[in-house]
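Encoded as structure tokens, the structure appears first; notes follow it.
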Amino acid sequence: MNAFLRAWVTLFLMLITLLCAAPTRAEDGYDLWLRYRLLAPEQAKLYQDHASELIIGHATSTQSATRSELQRGLNGLLGRDISLSDTVTRDGAIIVGTPASSALIARLSLNTQSLGNESYLIRSVVVDGHAATVIAGREDIGALYGAFHFLRLLQTGRPIDHLDLHESPRVKLRVLNHWDYLNGQVERGYAGASIWDWWKLPDWRDPRYTDYARANASIGINGTVLDNVNAGATILTPVYLEKVAALADVFRPYGIRVYLSIRFSAPMEIGGLKTADPLDPQVQAWWRAKADEIYKRIPDFGGFLVKANSEGQPGPEDYKRTHADGANMLADALAPHGGVVMWRAFVYSQTNPEDRAKQAYDEFKPLDGRFHANVLIQVKNGPVDFQPREPFHPLFGAMPKTPLMMEFEITKEYLGFATHLVYLGPLFEEVLSADTMAHGKGSTVAKVIDGSLEGHTLTGMAGVANIGTDRNWSGSDFNQANWYVFGRLAWNPTLSSRVIAEEWVRMTFSNNEAFVKPVVDMMMGSREAAVDYMTPLGLLHLMGPGHHYGPAPWDASESQADWRPVYYHHADRLGIGFDRTRTGSDAVAQYAPALAAQFNDIKQTPEQYLLYFHHVPWDYRMRSGQTLWSELISHYTQGVDDIKQMRETWSQLEGYIDAERYHQVATFLAIQEKEAQWWRDACVAYFQNASGLPLPTGYAPPAHSLNYYESLSFPYVPGFSSW
Ligand code: GCV
């Protein structure tokens, strides 16, 4: 071979090597789980006889969105241009639409009339002698959801030869709650600023809004509350309503309605009234007129979300009225337009000496049956706040006459902010599958939420968003999984969080089994690891004051008693834990009798809730045979070991995905290990000081003194704004 030829061959081989290193293409996480990168050849082979042509209308904006998503997805995944056609001309056609939008679908007699508005069918059929796949809804939005489902099958490498799928959402309102302020800050947000550029709206409609809508529609989310529940009145002024209307226009083709958090005292602040008393006729008229004004601009406006008489927010109790009076007044203003009120049950008061965990139930349970038909009560998953672990909220199962909505926190306020890898699927699943025993065994929280337990048709699930202006939307690639799993569980609260994690990993990173399995295992164990290094055995609320960053079990600096960690753990020389039994605060009595009896008895209480329900002596024998003290130290240490193991697992996976995302995850895991160690050491130092006990043998002492941990301060923590 002469030198010239040798040079060409070398160049050619270099080129081939570069092309084969496909997964190393630079990525920044912007595409989320809708990456649509070329499938590996063995997967693409599965679809070689499919997607030959696409038959789909574009008469409405939703049809156009569906068409462009399928083209984008199929072209990207299969690496060929799918042609558009009006009729089936060959095998492998994909027919998409509704009987109204597609004569072909009308001809196929698919019984779409029996489908709900948002439901769809995906079926393998034969049309004019050709094998085809039909994706059909009764409405356009059903067909869009079906298209996303179909793309997911390809993205996750599933066979599509013999499809017969029928999907309907089990929950009606599947809603993100943005805790975004109009000044661009996001309360408890760790992914940059608010994505709503209020300043440039309504004229500039950032293309990112469309991508936001695509991502949400792909997992069935159909509503978004744009502003923080700690709301100002400005959002209801005409200038801002015009901006809200612009966003609603962008979201409409994707089946997403906008909602607003409102400030209960708005009639005074922007309406010039002297009162916001819900029984005052002028106040009622003001809200009616405001609702009329909103619907004139946004005919499909969803309704209001309200935080009232909680953490300093105004509300009906300022006028000695009840939450029902307040909610019903707003509901009446929205009812003629089909809007709803999502009224939050997250209430507790600084003047109420009662156990904070009991206060929401005490206030709302007596109001069951007093709310108007278009009111939902939005209840956090646990009775205290969004802690790494709490028992389910006792209101679930306790208000049979009222639709109760779930409120989860997708943003990781209490779970390590952006950098810790904590997949929340197992937390959500644990709550949804918890048995309220309201009507005997099997009365799960999921059945309360989907309405099947009490026969409610107005149902909902809300998630506090983790979305911001960061290029990867959520502050880290793995945080995207928490947005994803929320949407999938809102669609069907009985899905398995492991199955959802696997879907997400395949769509977001790779279908390579050698990558998928260890990553899914790592995700599934990550929440328990965080519970262990932060708040094991039923402890909770041990984080830093106000900003909620890092450990501070010693903290008693907050103005309000139930904002202080010491309020929750009661650790001293004798023992640790909050006594919520009949001899303590009697919070157990808020659960169904069988559960109350179980939680009241230390021997029957699941150990994961032990210190939530009981004050326990340090030498108490756990089921393992160890003392409580030893077991506590072992959990704290296990949490750190688990993160070390996650780092080790990840280090074996270099090369399976692009270098950019790989390295960021690796670096974030290193941060997580450092902070898990800090959590463990600070808590061990503090509880050792409280108990006066020596560390069990074999456990390393904390790296620093208790004084050192107590001296740390963090003035500039993200996501924290004083309200
Ligand atoms: C929006 C917790 C959070 C607050 C949040 C509040 C709520 O207290 O720390 O930031 O305020 O919950 O859910 O209303």
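Atoms within a ligand are numbered from 1 in the order they appear, just like the ligands themselves.
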**Prompt:** Which of parallel (below 30°), tilted (30 to 60°) and perpendicular (above 60°) describes Y414 and H541?
**Reply:** tilted

**Asked** Hey, does R344 sit under 4.0 Å from ligand 1 if you only count heavy atoms?
**Response** yes

**Prompt:** Can you list the ligand 1 atoms lying under 4.0 Å from a non-hydrogen atom of H548?
**Reply:** 9 (O)

**Fill in**
CH2 (W196) and NE2 (H178) are apart, to the nearest 0.5 Å, by 4.5 Å

**Request:** Scan residues 533-549 for pairs that pass salt bridge (Lys or Arg N to Asp or Glu O under 4.0 Å), counting only residues two or more places apart or in two chains.
**Result:** none

**Asked** What part of Y414 sits under 4.0 Å from ligand 1 if we count only heavy atoms: the side chain, the backbone, both or neither?
**Response** side chain

**Prompt:** Counting heavy atoms only, which of E413, M543, K380, H547 is nearest atom 12 (O) of ligand 1?
**Reply:** K380

**Request:** With sequence neighbours excluded, give me every salt bridge (Lys or Arg N to Asp or Glu O under 4.0 Å) pair touching residues 392-405.
**Result:** none

**Asked** F578 and ring pair (Phe, Tyr, Trp, His ring centres under 6.0 Å): which partner among Y609, Y612, Y567?
**Response** Y567

**Fill in**
ligand 1 to E187, heavy atom cutoff 4.0 Å, flagged ligand atoms 1 (C), 4 (C), 5 (C), 10 (O), 11 (O)

**Atoms of ligand 1 close to N228 [distance to a heavy atom under 4.0 angstrom, numbered from 1]** = 1 (C)

